Amino acid sequence: MTHPRLGVNIDHVATLRNARGGHHPDPVVAAQAALAAGADGITLHLREDRRHIRDDDLARLAAAISAPINLEMAATEEMVQIACAARPHASCIVPERRAEITTEGGLDAAGQRETLRPLIARLRDAGIRVSLFIDPDEHQLRAAADLGAPVVELHTGAYAEGRAGEFERLARAAALTGPLGLECHAGHGLTYANVQPIAALPEVRELNIGHYLIGEAIFHGLPHAVRHMRHLIATAR
Ligand code: PXP
């Protein structure tokens, strides 16, 4: 059985760079190192407040790599225009609140149908594979399918925090993606210790992992961290 692809999220390389305002460490160089170590794609989140990734990073990344780029973005007019101009392989629509530390909770696809429908259509018309970052909830999955998103990324944050029943919820949601015609991705808060049960879910085609890998890179280097995560994913099923 084929195992899920690994998308490495480089946001926190930019967080570290921005702490000093210069150019080092460069998230684009980190992306190249992650790909050389076996990552299947690169994920980055251009936030409205540009707190880590900046517009210039997206442009430089697109010029530097040929592997798939997954652009995480809020459902705003500005971001749709940026995505349609940059044409990444995929765009993952995430909820965004300025005060949050990271993406807390999934997108309310069911509650925002009228905003999301035209926006998803524009991204799709630009040839971008649209994914919706949602909680593992049947209502949200059905809304994603109704909105014409080909992909959902299931939010694994509550599972990563150890919330009771959350793995079962993810497994049930993943099992629903096939019948709904959705490709299933997952991510948020995944580590060496918790990735394997998620990677073993047969429907999961891609995992997007960032913060933990960049943290491990401090101790053992990014190539090692990516190789080890990939090994865990490849041996989970
Ligand atoms: N997937 C999505 C949609 C996200 O917003 C994030 C966080 O930016 C991730 C995956 C990666 O989460 P983490 O950095 O906790 O691995």
Side-chain angles (χ1 to χ4, degrees), residues 4-16 18 27 30-31 34 39-54 57-58 68-76 79 83 88-98 100-109 116 123 128-137 140 144 149 151-163 166 170 173-174 182-196 198-199 204-218 222 225-226 228-230 232-233:
R5 298 182 294 271
L6 171 60
V8 171
N9 181 313
I10 55 170
D11 292 349
H12 296 301
V13 180
T15 304
L16 190 56
N18 297 356
D40 300 290
I42 298 298
T43 293
L44 73 177
H45 184 176
L46 186 65
R47 293 185 64 102
E48 291 180 87
D49 60 10
R50 309 300 198 266
R51 79 167 63 139
H52 35 57
I53 295 296
R54 300 171 182 152
D57 294 325
L58 174 61
I69 293 175
N70 174 32
L71 176 66
E72 293 178 4
M73 51 176 263
T76 64
M79 287 301 152
H89 168 76
S91 278
C92 181
I93 302 178
V94 301
E96 210 175 281
R97 285 176 289 276
R98 278 175 196 260
E100 70 189 1
I101 294 173
T102 180
T103 313
E104 298 159 358
L107 186 73
D108 182 11
L116 291 171
L123 293 168
I128 301 166
R129 201 158 165 78
V130 181
S131 146
L132 303 185
F133 186 50
I134 57 171
D135 289 328
D137 176 288
Q140 298 296 346
V151 182
V152 288
E153 179 165 326
L154 300 179
H155 196 315
T156 53
Y159 159 78
E161 284 167 11
R163 197 179 298 167
E166 202 58 30
L170 283 161
L182 295 162
E183 182 172 310
C184 184
H185 298 179
H188 210 283
L190 295 178
T191 67
Y192 294 157
N194 66 22
V195 73
Q196 287 199 306
I198 302 299
V204 174
R205 304 295 309 132
E206 180 175 306
L207 296 171
N208 286 301
I209 308 181
H211 185 266
Y212 183 80
L213 286 175
I214 304 308
E216 273 301 292
I218 291 172
L222 187 58
V226 170
H228 188 55
M229 188 62 86
R230 234 183 150 259
L232 292 171
I233 292 170

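Atoms within a ligand are numbered from 1 in the order they appear, just like the ligands themselves. Values in this document were obtained by computation on a predicted structure and should not be read as measured data.
- Heavy-atom contacts of N9 reach the following atoms of ligand 1: 8 (O) (cutoff under 4.0 Å).
- Less than 4.0 angstrom separates some heavy atom of V94 from each of these atoms of ligand 1: 3 (C).
- Proximity to E153 (heavy-atom distance under 4.0 Å) selects the following atoms of ligand 1: 1 (N), 2 (C), 3 (C), 10 (C).
- Within 6.0 Å of CZ on R163 lie no more than 12 heavy atoms contributed by other residues, nucleotides or ligands.
- Polar contact check, G210 against ligand 1: a nitrogen or oxygen pair lies under 3.5 Å apart.
- Residue contacts with ligand 1: G189 is placed with a nitrogen or oxygen under 3.5 Å of a nitrogen or oxygen of the ligand (distance criterion only).
- Taking each heavy atom of L154 and P136 in turn, the nearest pair found is CD2-CA, 4.2 Å.
- Using a distance-only test at 3.5 Å, with no hydrogens or angles considered, a donor-acceptor pair links the side chain of D11 to the main chain of H45.
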Exercise for the section: For R54 and N18, run side-chain hydrogen bond (donor to acceptor under 3.5 Å, both in side chains): C-alpha distance rounded to whole Å, both residues' side-chain angles, the deciding distance at 0.1 Å, then the answer. Expected result: CA-CA 10 Å; R54 300 171 182 152; N18 297 356; 3.0 Å; yes

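- Residue contact check: N208 has heavy atoms under 4.0 Å from atoms 10 (C), 11 (C) of ligand 1.
- Here D40 pairs with R230 under the salt bridge (Lys or Arg N to Asp or Glu O under 4.0 Å) rule; sequence neighbours left out.
- Just one residue in the list L123, V151, L116 forms a side chain to side chain contact (heavy atoms under 4.5 Å, CB included) with V130, and that residue is L123.
- Within ligand 1, counting atoms from 1 as listed, the ones closer than 4.0 Å to a heavy atom of F133 are 2 (C), 3 (C).
- The shortest N or O to N or O distance between E72 and ligand 1 is under 3.5 Å.
- Residues meeting the side chain to side chain contact (heavy atoms under 4.5 Å, CB included) test with I214, sequence neighbours left out: H12, V13, L222.
- Of all atoms in ligand 1, numbered sequentially from 1 with element shown, those under 4.0 Å from a heavy atom of H211 are 13 (P), 14 (O), 16 (O).
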